[in-house]
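I have placed the structure first, in the form of structure tokens, so that the comments after it can refer back to it.
Throughout, protein chains are lettered first and strands after them, A, B, ... in sequence-line order, and every chain is numbered starting at 1. Source: prediction; values computed, not measured.
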Amino acid sequence: MALARIQVPRETKRGELVEVRIVIQHPMETGYRRDAGERVPRNAIHSFACRYNGAEVFRATLSTGIAANPFLRFYFRAVDSGELDFWWLDDDEKEGTAKARLVVL
Amino acid sequence: MKWGLSLFLVSGIVLAQSRSGLEYASEEIRRLQANDAENPGMLWVDRGAQLFAQHCASCHTVEAMKGVAARYPRVVDGKVVNLEAQVRHAGAPFAYESDELLALTSFVAHQSRGMPLRIEAPAKDVERGKAEYYRRRGQMSLACAHCHEANPGKKLGAETLSQGQPNGYPAYRLEWQTLGSLHRRLRSCMFGLHAEVPPYGSPLLLDLELFLASRARGLPVEAPAVRR
């Protein structure tokens, strides 16, 4: 169920700050919740990274203190047109990926 | 200021009676709902678009879904049919409150975003829900009206009571950390009253939904709304 919504401008000027927004669908289970008496095992995204043309531009460490369906916003500077590669990993060792294109004028 | 004032004057006429739950929400929640890039409910709308293409597109077009949610629930052969029941009718045999059904209903409802609710139903069917709305229930012995008609805008613990309008559902509630249907919301009110919690899609919830929707005539569809 790795579904994400990404908001990146389609085009930007060389060297300008680019705002990246991403919402990832994830329950971010804390491990403290109970369902019909049974403890729901902890399952949260713990690592998130974003690469632009292969170079890492953003990395985040998340934990159970973050609400379900986490929303991240960050900025970076793009020199050339290229592709943003988003990657994340949760406690079930499940990976999620997403991509977005950006054109630098 | 001038803009705010004129907005108030224009909307003041329509909303003197009915106010969407959005008006009782905090600034942060309003911003979250207004911005599609940040509104977590849009995750379900996206998923719903995929499911619609798989399960519904052989008979229905997306364009034809515009305005549908503003007309539901309806009364068909004396039975209340809400959007969930209508979506489940054929190619989408998903369980009530499953992620799939929520995705489909929020996608369909999203097509009517901004359109005013215009429910048409026989008065006698609406009366059933109305009677339930004013009936005291549970160990608290309170009716819906005691909070949502007599005291909207006031505090119940940390919560601000709203008028209990249904126009934002299916809605993403921060308390749930997920998207949920109007029936889920009604069930949590019943739980709060220490009343028997009726099952999803039960006649009681459908009757209440029909009354709420006809009471909310004119309010815009906000799905997927964000609520506390």
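Between the side chain of A:R5 and the main chain of B:D36, a donor-acceptor pair closer than 3.5 Å is present. No side-chain donor-acceptor contact under 3.5 Å links A:Q7 to the backbone of B:A37.
Counting heavy atoms of neighbouring residues, nucleotides and ligands inside a 6.0 Å radius, atom CZ of B:R30 exceeds 12 of them. In this structure, A:R10 places its CZ atom where only 12 or fewer heavy-atom neighbours from other residues, nucleotides or ligands lie under 6.0 Å away.
What you find for B:L43 and A:L3 is that their closest heavy atoms are O-CD2, 3.2 Å. Residues B:P40 and A:N69 come closest through the heavy atom pair CB-CB, 4.4 Å.
One finds a salt bridge joining A:R73 and B:E38 here, because a Lys/Arg side-chain nitrogen approaches an Asp/Glu carboxylate oxygen to under 4.0 Å.
Taking CE from B:M42 and CD from A:Q25, the interatomic distance works out to 12.5 Å, rounded to the nearest 0.5 Å. Considering CZ of A:F71 and CG of B:N35, their distance stands at 7.0 Å, rounded to 0.5 Å.
Residues passing the side-chain hydrogen bond (donor to acceptor under 3.5 Å, both in side chains) test with B:E209 are B:N82, B:H183, sequence neighbours excluded.
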